[in-house]
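First comes the structure, then the notes that go with it.
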Amino acid sequence: MKANGGVSRISISLPEPLLGQLDDMVEARGYESRSAALAEMISHQLVAHKRELGNEVMAGTITLLYDHSTPRLQKVLADLQHEHVEEVISSLHIHLMHNRTMEVILVQGPATKLQVIADRMITNRGVISGKLELTTTLIPQVHQPAERRA
């Protein structure tokens, strides 16, 4: 590991208008520096690239906003989570006003499979909005089934 914490210095060239827009964004969002902003943007692009590759194991969340008065919707969503118990790590839901529920489902698995799970949830009648967010950083496995330990 390098003495500076594993950080490498690079140099990039940008057209003046693009640099001006970058500086405006750095200030508006409160980044510490241009480097911090660029590192976040590069990270997002790397996640998108790995997601496109398909079988890369990733962790993330499926965030849903739905009308909990829609008949059978909560059962359908719960059944989907049970059907994908290997990928669904945990879920949290909160009841909002006007028959709305927000649910955040923590998932880990191959990116394409997580997208399929998210799509199956998001496309149900009564789901108002939904989104899958992924990261390449994984959740460590806490326990292994007894049959795998030997």
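Just so it is clear, the structure is predicted and the values come from calculations on it, not from any experiment.
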With sequence neighbours excluded, residues passing side-chain contact (heavy atoms from CB on, under 4.5 Å) with [X]:
X: Arg100; value: Leu65, Asp67, Leu96, Ile128
X: Pro15; value: Pro17, Leu18
X: Ile42; value: Leu46
X: Thr136; value: Val47, Lys50, Met58

Within one Ile-Leu-Val-Met-Phe-Trp-Tyr cluster: Leu38 and Val26, side-chain cutoff 4.5 Å: yes
With sequence neighbours excluded, residues passing side chain to side chain donor-acceptor pair (under 3.5 Å) with Glu83: Arg120
Listed partners of Glu103 passing side chain to side chain donor-acceptor pair (under 3.5 Å), at least two apart: Tyr66, Gln81
Residue pair Ile10, Ile12: steps toward the side-chain contact (heavy atoms from CB on, under 4.5 Å) verdict: CA-CA 7 Å; Ile10 65 169; Ile12 63 169; 4.1 Å; yes
side-chain contact (heavy atoms from CB on, under 4.5 Å) between Val107 and Thr61, worked out: CA-CA 6 Å; Val107 292; Thr61 59; over 6 Å; no
Side-chain touch [X]/[Y], heavy atoms, less than 4.5 angstrom:
X: Ile62; Y: Ile117; value: yes
X: Leu114; Y: Glu87; value: yes
X: Met25; Y: Met41; value: yes
X: Leu132; Y: Leu134; value: yes
X: Leu64; Y: Met102; value: no
X: Ile94; Y: Thr101; value: no

Backbone N/O of Leu73 and side chain of Thr70: donor-acceptor pair under 3.5 Å: no
Salt bridge (Lys or Arg N to Asp or Glu O under 4.0 Å) partners for Asp119, two or more places apart: none
Salt bridge (Lys or Arg N to Asp or Glu O under 4.0 Å) contacts in which one or both residues fall within residues 21-31, not counting sequence neighbours: Asp23-Arg34
Pairs where residues 84-119 contributes a residue and the test ring-ring contact (aromatic ring centres under 6.0 Å, His included) is met, not counting sequence neighbours: His68-His95, His93-His95
For the student: nearest non-hydrogen atoms of Asn99 and Ser69, plus distance: ND2-OG, 3.9 Å
Smallest separation among heavy atoms of Met121 and Ile105, with atom names: SD-CD1, 3.6 Å
Where at least one partner belongs to residues 13-22, residue pairs that pass side chain to side chain donor-acceptor pair (under 3.5 Å), sequence neighbours excluded: none
Nearest-0.5 Å distance that lies between atom CD in Gln74 and atom CG in Asn124: 12.0 Å
Other ILVMFWY residues reachable from Val57 by side-chain steps of under 4.5 Å: Leu138
